[in-house]
Amino acid sequence: MSLAKRIAHKAEAMKGGAKKTTGRATGSRRLQAEGRGDQVKGNIKQAGTKIKDAFKH
C-alpha cells in the first residue's frame with residue numbers, strides 16, 4: 001500500500017478523534033457521533049492495509 005494512502009487513513013482517524021473531542025467539549029452529540037464514525041472508518045482502513053501488507057510478504 002502506498003505511503004500516501006497510509007497517511008490518508010491515519011489522518012482520517014485523527015480527524016475523527018478531533019471531531020469527537022470537539023463534540024464532547026461543545027456538548028454536540030451529532031458532532032461526537034460523526035467523529036466516532038470517522039475515527040472507526042479510518043481505523044478499519046488502517047487494519048485492512050496492515051492485513052493486505054501481511055499477505056504480500
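Any value given below was found using the heavy atoms of this structure, including those in side chains, with hydrogens, waters and symmetry copies removed.
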J.: State which residues pass side-chain hydrogen bond (donor to acceptor under 3.5 Å, both in side chains) with R29; sequence neighbours excluded, sorted by chain then number.
T.: none
J.: Does T49 form a side-chain contact (heavy atoms from CB on, under 4.5 Å) with H9? I'd like the steps, not just the answer.
T.: CA-CA 9 Å; T49 300; H9 298 319; 3.6 Å; yes
J.: From the options M14, K20, K19, select the one residue that forms a side-chain contact (heavy atoms from CB on, under 4.5 Å) with D38.
T.: K19
J.: Scan residues 40-51 for pairs that pass salt bridge (Lys or Arg N to Asp or Glu O under 4.0 Å), counting only residues two or more places apart or in two chains.
T.: E12-K41, E12-K45
J.: Out of curiosity, Q46 CD to I51 CD1, how far, rounded to the nearest 0.5 Å?
T.: 12.0 Å
J.: Identify the residue among R36, E34, R30 that makes a side-chain contact (heavy atoms from CB on, under 4.5 Å) with Q32.
T.: R36
